[in-house]
Protein chains: 2
Amino acid sequence: MNVDAILQRVRTAGLKLTPQRVAIVQELVQDPTHPTAQELYERLRRAQPTMSFATVYNTLDALAAAGLCSSLALSPGASRFDANMAPHDHLVCDGCGLVRDVHRMVGKAAEALPPPPTDGFQVRAVEQIYRGLCADCARITEPTGRLARPRSETPAQR
Amino acid sequence: MNVDAILQRVRTAGLKLTPQRVAIVQELVQDPTHPTAQELYERLRRAQPTMSFATVYNTLDALAAAGLCSSLALSPGASRFDANMAPHDHLVCDGCGLVRDVHRMVGKAAEALPPPPTDGFQVRAVEQIYRGLCADCARITEPTGRLARPRSETPAQR
DNA sequence: ATGAGTGCAAATGCTTTGCATCCTG
DNA sequence: CAGGATGCAAAGCATTTGCACTCAT
């Protein structure tokens, strides 16, 4: 979905269209790396020096509540935000923290997904996370399978 | 898996068997609610007043590194720990934060899971999260589908 | 006896909050 | 022009770290 379409939907959702929100939406939409709120804040601050944490968090929460982006808890620490609202899953590298989208499988695999609801639990969404090592981290991994690099380094941005 | 079997494995993994670790393992194994490190600390402190944050975190990390428990990032904020190492998935209530295990589907559904690896990414584990509302939260939800209760209340313990 | 493990407290990192001010609709 | 949104700074949690001390092996 493009920026204008989302901004339109922001208004439709009853949210005011401020310059800050426009900037946040633009940045989020054109970034496929699932940035954290902090990362967005750092970047946006360059163009708009008065941009504040609170605004970034407020806006991301408002967008998520309106169903215009989603907040991902893929690893401990910071939440990541994703403007891609098409059904898809995530590839998370245990080595560098890289997060990448994968298209959800179609056909019989996809049909198999929704589980038998248990005890009146209403399932609204099924999230799948594939954890492992990206090509780069796999290369520097010892034969034992242990990580050669601690897990907490700055996530790679591609 | 029972407590003694795990303690045996802790030793096998080259970890020393301290009273603190025994207490942490016991507490974690008998608790199916996927407690956070803080929750474990609060409970354990009653029996062992000198128990510290650092020890709880160190031990949980060591257990996870040895493959004896897993650390779950199911929602923003605190990680949850799970001593159940059999393949299974999680039901997470968006209303109260409740986390419950669900047995992984077998047969054709299970076979469908591992995705086509992308670009040399080595998949080590597939995690599935079913998000929605537990029976209790569904009951107090407005017809619109919006939560009647804010999402950040104390997670229910069952 | 030796080094892994512990306890304490302070530090760090992410996120939320309170409140006065601003500006979109 | 009213109420939502913003900016700033401080507070709130979860987690990590440094270091001296202890104890399991």
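Lettering of chains follows the sequences in order, A, B, ..., and the numbering in each one begins at 1.
- The phosphate of D/dG7 has OP1 or OP2 within less than 4.0 Å of a side-chain N or O from A/T50.
- Contact check, B/T55 against C/dG5: no side-chain N or O comes under 4.0 Å of OP1 or OP2.
- Between the P atom of D/dT22 and the CE atom of B/M51 lies a distance of 18 Å, rounded to the nearest Å.
- The closest side-chain donor-acceptor pair between A/Q128 and A/Y130 falls under 3.5 angstrom.
- Comparing the end axes of the helix from C/dA1-D/dT25 to C/dG25-D/dC1, each fitted to five base pairs by superposing C1' atoms of four pairs onto the next four, gives an inter-axis angle of 40° (nearest 10 degrees).
- Taking atom CZ of B/R11 as the reference point, atom P of C/dG5 lies 13 Å away to the nearest angstrom.
- The aromatic rings of A/F53 and A/Y57 sit tilted relative to each other, their planes meeting at an angle between 30° and 60°.
- For B/Y41 and D/dC13, the OH to P distance is 16 Å, given to the nearest whole Å.
- Judged purely by atom type and a 3.5 angstrom limit, A/R80 uses its side chain to pair as donor or acceptor with the backbone of A/H34.
- If you take CG of B/L44 and P of C/dG5, they are 18 Å apart, rounded to a whole angstrom.
- Taking 4.5 Å as the limit, some side-chain heavy atom of A/P35 sits within range of a side-chain heavy atom of A/R43.
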One pair to check against side-chain contact (heavy atoms from CB on, under 4.5 Å): A/D94 and B/R124. What are the steps and the verdict? CA-CA 9 Å; A/D94 292 333; B/R124 288 170 155 182; 3.9 Å; yes

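- In this structure the side chain of B/D136 never reaches within 4.5 angstrom of the side chain of B/C96, judged on heavy atoms.
- Not one N or O on the side chain of A/Q48 forms a donor-acceptor pair closer than 3.5 Å with the backbone of A/R45.
- Rounded to an integer number of Å, the gap from A/Q48 CD to D/dA5 P is 16 Å.
- Listed by residue number, A/L15, A/K16, A/T18, A/Q20, A/R21 are the residues of residues 14-22 of chain A with a heavy-atom contact under 4.0 Å to DNA chain D.
- Atom-to-atom, CZ of A/R45 to P of D/dT6 comes out at 17 Å; the value is rounded to the nearest Å.
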Would A/F121 and B/C93 count as a side-chain contact (heavy atoms from CB on, under 4.5 Å) if you check the C-alpha gap in whole Å, the side-chain angles of each, and the deciding distance to 0.1 Å? CA-CA 8 Å; A/F121 193 103; B/C93 179; 4.1 Å; yes

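- In this structure, B/D101 and B/D82 have side chains that are in contact, with non-hydrogen atoms separated by less than 4.5 Å.
- In this structure, the side chain of A/R21 engages the main chain of A/K16 through a donor-acceptor pair within 3.5 Å.
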Protein proximity profile, nucleotides 13-19 of chain C - base contact B, sugar-phosphate-only contact S, no contact -, cut-off 4.0 Å on heavy atoms: -SBBB--

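- Two residues are said to be in side-chain contact when any heavy atoms from C-beta on lie closer than 4.5 Å; A/L7 and A/L17 meet this criterion.
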